[in-house]
Structure formats: C-alpha cells, structure tokens
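So the structure is just underneath, and the comments pick up after that.
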Amino acid sequence: MDGKSSNIFKYLLPFLCSVLASHLLMIYVITDYQYPGMATHLSIDGSNITVKRSEHLTLIGYGENTASELYKTLGWMHARDRYVQMCLMRLASQGRLTEVFPYAETNYKFDLMAKQFDFHGRNKAYYSQYEDGGIAKDILQSYTAGINNYLENHNRPFEFVLVNYHPEPFTPTDVTTFISFVSYVGLDEICFAVEKVIIEFLISEKVSHDFLKQVFHPHLNNLTMEYVELYRSIKDLKSNDGLKSPVVPAITNSNNWVISGALSSSGLPIMSSDPHLDVSKYPNTFYESSYKTRQGNSIFGISVPGIPIILMGRSKELSFTLTYGMMDMGDYFLERIKDGMYERDGKYFPLKLRKYTVVGKDVLFYETEEGHVIERNVENYDKIISDGIYLAVRIPDRNDEVTIRQALLPFAKTVEEAQKLIPQSNLGANFLLADSTGNIGYQQAGSVPLRPTSDGLLPLPAWNSANLWTGYLSDEDYMTKLNPPEQFIATANNLNQDPNKPCVNTYPALPTRVNRIKDILRSSTNHSVEDMMKYQGDTFSTLADITIPLLEPFLPSSGIGNELRHWDRRFQVDSRPSAVWFKFWNQYTADINSVIFGREMYDKLEPIVFNKYTFYKFAIIGIETGYVDGVDVVPVLKKSLETTISGYQGEVYGDLRKYFSNNMFFTGQLPKIFGFDIGPYPTNSGFEIIKVGSVDKYLEDPCVFTQTWRFITDMSTQTFYSILPGGPSGNYFSNIYKREVDNYINEVYKIWEL
C-alpha cells in the first residue's frame with residue numbers, strides 16, 4: 001500500500017467505524033422505542049401474564065389476583081426498565097462495587113461498609129429460616145422468577161458490555177440483602193451519625209453538658225462524667241465520614257397527610273404524599289407501575305427496583321403512603337477488647353473474625369456473639385485488633401419476613417386490615433391509610449430493640465450485660481390511630497411517640513413542616529384535590545417569618561434590606577429576597593455554631609449532611625430562645641446579616657439552587673452534551689418548608705434532596721394524580737428515558753384511572 005492510499009485508509013477507517021456504530025445505535029434505539037398499548041405476553045413459572053404500556057408509557061400488568069402473580073410481573077417490569085439500576089444496587093449491598101469499578105476510592109470505602117455489616121452473609125443465613133410455603137418466600141421466589149425471565153430473553157445492556165460485566169441471575173437472597181441494606185443506608189445510619197457527633201461534642205469540651213441535655217431531652221438524662229471519660233478513651237474513634245452511596249439515595253425528609261370526609265369537598269378521604277430523597281442520581285429511585293387482575297382488582301403504586309413491595313399507592317379499596325419514621329433501630333456500644341476477646345460481666349469471650357479481600361487488600365472485621373461489629377479506622381482494617389476500648393455498632397438482626405408482609409398491602413380492603421400487616425418491619429416508617437368506606441388511619445412500623453437501661457442515643461458499656469438488647473418491641477408498642485377526632489393525620493419525619501410506651505424516636509425532625517401542614521389542614525372543611533396540589537408545592541417559610549422580625553433593627557431601609565423586610569416568605573426561583581434569606585441562614589448557622597464550637601470544629605463536621613441538620617437545630621434554638629448554650633444570638637444575627645448584605649451580588653434564588661441528576665452508571669463523568677445527565681434545573685425547594693429540599697455537597701459529591709414523587713387521590717373516585725422526576729426507563733437510548741422531566745419541573749400532574 002502506497003503512502004497516499006495509506007493516508008486515505010487512515011481517515012476512511014474511523015469514518016466507516018462511526019457509520020457502523022451509528023447504525024448499530026439506531027437499531028438499538030428503534031428496538032427500545034415505546035408507545036402506548038405496546039404489549040408483551042409472558043409465561044413465568046406457569047403464570048400467563050400480559051404487560052402493556054399505559055398512556056403515560058409506564059407498564060401495566062394483567063394477571064390473577066394473587067401476590068405471586070403481582071410480584072412475578074413487578075420483577076419482570078423492574079428488569080425491563082431498570083435493570084442497570086438493580087444490578088448496581090445489588091453490587092453495592094453486597095460490597096462488590098469494586099469488582100466492576102475497582103479504581104474509585106468511594107466504591108472501595110463503600111464496599112468496606114457493606115462487608116462490615118455483612119448484609120449478604122447475614123441474609124443467606126436468614127433465608128434458610130424462611131417458612132417453606134410461607135408468603136414471604138413465595139413473594140421472593142416469584143419476584144426473582146420475573147426478573148430472571150426477562151434476563152433469559154434479552155441481552156446485556158450496553159453499560160455492562162463497556163465494563164465487561166456479566167451479571168448473574170437474581171436470587172431471593174440478593175433481594176433480602178438489598179432490603180436490609182436500604183433500611184440502613186441513609187435511614188438507620190442517621191441515628192448512628194447523631195450518636196457519633198454527640199460523642200465528639202462531649203469530648204471536645206466546647207459545649208456544656210446541660211445544653212446537650214436540653215437539645216436531646218430526655219435522652220441524655222443518664223449522662224455522667226464516667227461516660228465522658230470512657231468516650232475520651234475510645235480507640236480508633238473516627239468522625240462521621242460522610243460516606244455517600246454511589247447508587248442508593250438517602251431519605252432525609254418526607255411528608256404525607258390524609259383527611260377524612262369531614263374535611264374534604266367529596267365527603268370521603270383524600271390522601272397526599274411527597275417523599276423527598278436524593279435526586280442527584282438518575283434514573284429516579286422510585287418506579288411507577290400498575291397491575292390489573294382478571295377478578296377486577298386494580299393496583300397502582302411506586303416501588304424501588306430490586307424490592308418486591310409496592311411501597312405506596314392505592315387499590316380500589318385502599319390508599320397507603322409512608323414517611324421515614326426516624327426510628328432509633330440501632331445502637332453504638334462500648335466494647336473492652338483484650339487479647340482478641342471482649343468482656344461480659346468480668347469474663348472474656350473470643351471475638352468472631354470475618355476476613356475479606358477487597359481490591360487485593362485483606363480486611364478484617366471483628367464482632368461479638370450478639371452481633372456488635374467493632375468499628376475501626378479504614379487504615380487499620382488489615383491489622384489484627386489491638387487491646388483497648390472501641391465503639392461497636394449493632395443493627396437489627398431480624399430477617400425480612402416481617403418486612404415483606406407489607407407487600408400484601410395492595411390486597412387489603414380496609415384500614416384496620418392494613419394496619420395488621422405493618423408494625424413489624426426493618427424499615428422504620430409512618431404509614432397513613434385511607435379506605436373507600438371513609439376510614440383513615442396511622443400505623444407506626446419498625447424493628448426497635450428493647451433497651452433495659454437507656455433510650456438508645458447514648459452509647460453504653462456492653463461489658464455490663466444489663467445494657468444489652470433483650471429483644472424487639474411488640475406490635476402493641478407501636479403507635480396506631482383510627483379515625484382521630486381532628487379528622488386528619490399528618491407526618492413529616494416528626495416525633496410520633498406515645499408517652500406510655502417504650503421510646504422509638506430519639507432524633508426526630510423539627511416540627512416546623514408538620515405544624516405548617518396541620519395549620520393548612522385546619523384552615524378549611526372543604527379541601528379538594530386541587531388544594532392538595534397547591535399544598536404540596538407550598539414554599540412558605542415559617543422559620544423566615546419568625547426570624548425576619550428579629551432582624552428588623554438591622555435591616556437597611558432601602559434596597560435589598562427593604563425587599564427582605566417586605567418579602568412574602570415564599571421561596572421562588574426568580575426572587576431576590578429568597579436568595580438573601582438563604583445566604584443569611586447559612587451564614588448565621590455557621591456563625592452561631594462557630595461561636596460555640598470554634599470554626600475549626602465546625603468546618604470539620606459541617607460537610608456531613610447528618611451533622612448539618614444538628615447544626616441547624618442549634619441555630620433554630622437560638623432563634624426560638626434568644627440563646628445557644630448561654631450565647632446571646634442577637635449580636636450574631638446582626639453580624640451574619642451584615643456579612644450577607646455586604647456580599648450580596650444581586651442573585652435570585654434559582655441562581656443558588658440549580659442541580660443536575662447524573663446518570664448513576666456514568667456518575668456525571670461524561671460531557672453534559674451527551675444527554676445522559678438531567679439538568680441543570682433551578683428549584684424553589686428550601687429548608688424547613690413543605691416543599692423541603694437542599695442543593696448541596698456531601699463532602700465532594702453532589703447531594704440534592706427534594707420531592708421524589710407526588711401523589712394525591714380522593715377515595716370517592718378511582719382517579720389519582722402523580723408526578724415523578726424522570727422517565728419510566730433507565731435506558732438512555734429509550735424514548736421514555738427523560739419523559740417526565742419537564743412535567744416535574746413545571747409541577748404538571750399525570751392523571752390516572754384505576
């Protein structure tokens with residue numbers, strides 16, 4: 001070949017390759033083009049099921065009125081639309097992310113966390129205890145049969161081809177592992193994070209014990225200097241590391257409320273729900289689907305791909321929603337270790353050792369017979385444990401048979417029937433219920449341990465066996481309500497504690513949101529679905545309303561100071577005073593906490609989301625009482641306001657509150673022009689409002705908490721309304737990958753009929 005021909009070939013070959021690639025891509029896109037009415041007929045383990053695309057291009061299944069066929073169908077749907085998401089979550093829950101993505105430091109640390117708790121190993125053991133022929137085992141087997149039926153008949157997605165990953169078939173243990181994992185990550189770990197930061201506050205001597213007892217009342221009432229000295233002696237004590245799941249979102253804030261027919265325009269209950277999760281990952285955590293039975297039942301709801309439970313939704317007879325219950329379902333203990341043994345009442349017993357290899361490194365985890373896992377710094381995981389006092393963590397060690405009972409909620413016909421399915425669960429939650437006969441109800445759910453000597457917020461010495469767990473609360477220990485006199489029920493991660501029953505909440509959310517919701521619901525006896533839509537989008541800031549009068553003496557009489565003075569206290573993306581308030585609140589939070597703890601400690605702890613809310617709580621105490629641990633807040637308010645106004649450069653709120661939702665496989669690494677990521681979009685969500693949300697950093701990772709689903713239904717009709725931030729499919733090449741994004745941004749609800 002001469003030089004000229006060689007030169008032509010040099011440019012022709014890439015051109016031909018690009019043409020071939022574009023044609024293959026076009027074929028891929030065409031084969032995943034979805035349209036309403038598009039049908040697939042399935043035979044899954046003897047069940048004949050049909051799946052169609054709805055007018056909204058979500059999937060509708062048609063089969064028998066059994067849990068088995070419902071969850072076979074849901075498994076197939078999840079695999080059809082969200083297979084990559086499911087596989088990534090399976091890898092994360094089993095501590096195997098580094099098998100596919102070995103070069104990411106975050107994945108390495110996250111795998112260590114998953115292996116520390118041995119979610120997969122525990123669930124293998126638990127599954128052997130499931131009752132043969134029982135409903136939980138039947139649902140798990142049905143669900144995985146649906147997943148695997150899809151996989152047997154379809155090729156790997158292109159993402160896994162890129163990294164040469166060949167996923168194995170799904171098993172029931174994969175599913176229960178993921179349920180346990182999700183129950184901890186971003187949920188139960190909140191309580192652990194609070195316990196850890198309390199220890200840091202105590203040993204820092206920056207804040208008085210009396211103030212901490214006031215903030216966390218009554219859960220630190222048994223605090224003594226003996227405990228503080230023990231905390232100072234903890235070996236390998238590490239701060240909350242802010243480890244954020246690459247694929248699993250945290251649940252920080254959610255709202256739901258239900259009104260009886262006495263307060264509705266229709267004369268029957270209206271249900272409203274808007275959970276708030278991290279939306280910095282795409283596709284959405286939730287997945288909408290429907291199921292219609294040959295016997296006339298219709299079911300609609302959201303689920304999490306990888307879990308065989310319709311978490312929220314409705315049937316013809318029942319509607320059910322939930323918020324995270326802020327239940328204290330795990331504890332730190334102090335363990336005294338000597339020669340590889342732990343102490344109980346003066347005697348020593350050998351620690352259990354688990355050994356793994358992660359990215360070529362040996363890691364060692366130690367635990368006690370009760371399941372207390374010794375916590376050490378990452379750099380010491382490859383070393384044999386040395387003598388000393390350590391923190392050890394315990395999470396509920398129950399199998400998920402109890403949790404999977406909630407998968408039967410779509411088949412319950414009344415509130416009371418549904419309440420019996422809920423209380424025992426590894427997911428701590430506040431369930432609201434409404435039925436077509438007019439009943440409304442509340443049911444608390446969780447796996448809260450029986451603690452003989454504490455409420456659980458203060459780590460106690462495990463060498464005194466009197467401090468150890470003795471079991472779990474019974475159904476009767478959880479709060480329940482049926483048709484309360486007030487004619488409505490609302491929850492917003494707030495305190496729900498019966499004073500006559502064992503403690504279940506030690507660190508609830510502030511009551512600001514739930515009080516705003518209650519005030520709105522009390523304001524009328526003629527609420528409609530349209531009203532509920534307005535309430536879900538409410539951005540009025542009660543916190544700003546009580547704080548701005550305190551700033552009045554220091555506000556400039558003109559310019560932005562006057563705009564803030566006359567601001568209607570509602571966050572809007574084009575609002576200047578909304579931006580100034582937002583900047584002021586962050587400045588004041590930093591200033592008041594720096595006065596208490598010192599700027600160095602504040603800067604160290606503040607980047608962790610769980611710590612951030614504790615600092616907010618301290619700041620709010622200052623607004624409500626005028627003092628924080630003896631510090632007069634007025635001079636701090638004045639200084640914070642002056643700093644904010646002098647640094648204000650004319651931004652509107654939307655300039656400060658823009659976010660991306662990054663494709664969870666590529667994690668924002670691709671150029672935005674490729675279109676895998678969604679955004680940037682401004683949001684008018686804010687702190688401590690009904691439309692609560694934050695656009696932030698979780699250490700170096702983007703972290704965006706805002707409404708992840710909106711749902712409203714009036715039980716007098718078969719109609720319901722929803723918004724989901726994103727399309728049904730996680731396949732970038734599908735025409736429904738981004739289908740709902742614009743509707744979500746513009747708050748346009750889909751209208752459904754059962």
Side-chain angles (χ1 to χ4, degrees), residues 253 510 512-513 516 538-597 599 602-603 605-607 609 611-629 631-659 682-697 703-706:
N253 298 289
L510 296 163
T512 318
R513 277 183 295 124
R516 172 68 177 165
D538 183 72
T539 63
F540 181 82
S541 173
T542 304
L543 184 59
D545 200 43
I546 63 174
T547 304
I548 290 176
L550 301 178
L551 303 178
E552 175 63 36
F554 318 119
L555 283 172
S557 59
S558 61
I560 192 59
N562 203 39
E563 290 181 46
L564 186 61
R565 177 182 290 110
H566 297 291
W567 177 43
D568 65 1
R569 296 6 177 201
R570 296 181 185 276
F571 291 106
Q572 300 297 337
V573 295
D574 59 353
S575 165
R576 283 162 45 94
S578 298
V580 172
W581 165 258
F582 172 73
K583 291 167 76 74
F584 161 76
W585 181 257
N586 286 335
Q587 183 67 49
Y588 162 66
T589 300
D591 288 345
I592 190 65
N593 282 286
S594 294
V595 170
I596 301 168
F597 301 107
R599 190 72 194 204
Y602 175 77
D603 288 343
L605 297 177
E606 188 272 340
V609 167
N611 296 344
K612 190 186 298 284
Y613 282 92
T614 301
F615 288 130
Y616 283 159
K617 190 169 186 175
F618 293 167
I620 290 173
I621 287 173
I623 298 298
E624 293 175 340
T625 67
Y627 292 88
V628 180
D629 198 22
V631 175
D632 184 352
V633 301
V634 172
V636 181
L637 288 171
K638 181 175 184 292
K639 175 192 171 189
S640 301
L641 181 64
E642 290 171 349
T643 302
T644 300
I645 289 180
S646 65
Y648 178 63
Q649 297 179 344
E651 307 98 325
V652 296
Y653 192 59
D655 295 332
L656 309 175
R657 308 281 285 177
K658 291 181 179 177
Y659 69 92
T683 176
N684 63 344
S685 61
F687 176 62
E688 284 305 307
I689 62 176
I690 292 179
K691 192 178 178 181
V692 64
S694 67
V695 179
D696 216 327
K697 287 276 190 179
C703 192
V704 183
F705 295 107
T706 188

For the atom pair [atom1] ([X]) and [atom2] ([Y]), what is the distance rounded to the nearest 0.5 Å?
| X | Y | atom1 | atom2 | value |
| --- | --- | --- | --- | --- |
| Lys691 | Arg570 | NZ | CZ | 13.0 Å |
| Leu564 | Thr644 | CG | OG1 | 9.5 Å |
| Gln649 | Ile560 | CD | CD1 | 13.0 Å |
| Thr512 | Tyr616 | OG1 | OH | 13.0 Å |
| Ser541 | Trp567 | OG | CH2 | 5.5 Å |
| Ile546 | Ile620 | CD1 | CD1 | 7.5 Å |

Going through the checks in order, is the side-chain contact (heavy atoms from CB on, under 4.5 Å) test met by Tyr602 and Ile592?
CA-CA 10 Å; Tyr602 175 77; Ile592 190 65; over 6 Å; no

Please examine the side chains of [Y] and [X], heavy atoms only from C-beta on, and report whether any two atoms are closer than 4.5 Å.
| X | Y | value |
| --- | --- | --- |
| Lys617 | Leu510 | yes |
| Glu563 | Val580 | no |
| Phe584 | Leu637 | yes |
| Ser694 | Phe687 | no |
| Val633 | Tyr627 | no |
| Ile621 | Asp629 | no |

Please check this pair: side chain of [X] against backbone of [Y], looking for a donor-acceptor N/O pair closer than 3.5 Å.
| X | Y | result |
| --- | --- | --- |
| Arg565 | Leu555 | yes |
| Ser575 | Phe571 | no |
| Tyr653 | Ser685 | yes |
| Asn593 | Phe615 | yes |
| Asn586 | Lys583 | no |
| Arg657 | Gly693 | yes |

Taking all non-hydrogen atoms of both residues, which atom of [X] and which atom of [Y] are closest, and how far apart?
| X | Y | answer |
| --- | --- | --- |
| Ala590 | Arg599 | CB-NH1, 3.7 Å |
| Tyr588 | Gly622 | OH-CA, 3.8 Å |
| Arg513 | Asn253 | NH2-OD1, 2.9 Å |
| Ala619 | Thr589 | CB-OG1, 3.9 Å |
| Ala544 | Pro549 | O-CD, 4.3 Å |

With distance as the sole criterion, is a donor-acceptor pair present between the side chains of Asn684 and Thr539 under 3.5 Å?
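Note: Asn684 and Thr539 side chains miss the donor-acceptor criterion.
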
Decide ring-ring contact (aromatic ring centres under 6.0 Å, His included) for Phe597 and Phe618; before the verdict, give the C-alpha distance in whole Å, the side-chain angles of both, and the deciding distance to 0.1 Å.
CA-CA 11 Å; Phe597 301 107; Phe618 293 167; 5.7 Å; yes

side-chain contact (heavy atoms from CB on, under 4.5 Å) between Arg569 and Trp581, worked out
CA-CA 9 Å; Arg569 296 6 177 201; Trp581 165 258; over 6 Å; no

Is it true that atom NZ of Lys639 has more than 12 heavy atoms of other residues, nucleotides or ligands lying nearer than 6.0 Å?
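No - once you tally the heavy atoms of other residues, nucleotides and ligands closer than 6.0 Å, there are 12 at most.
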
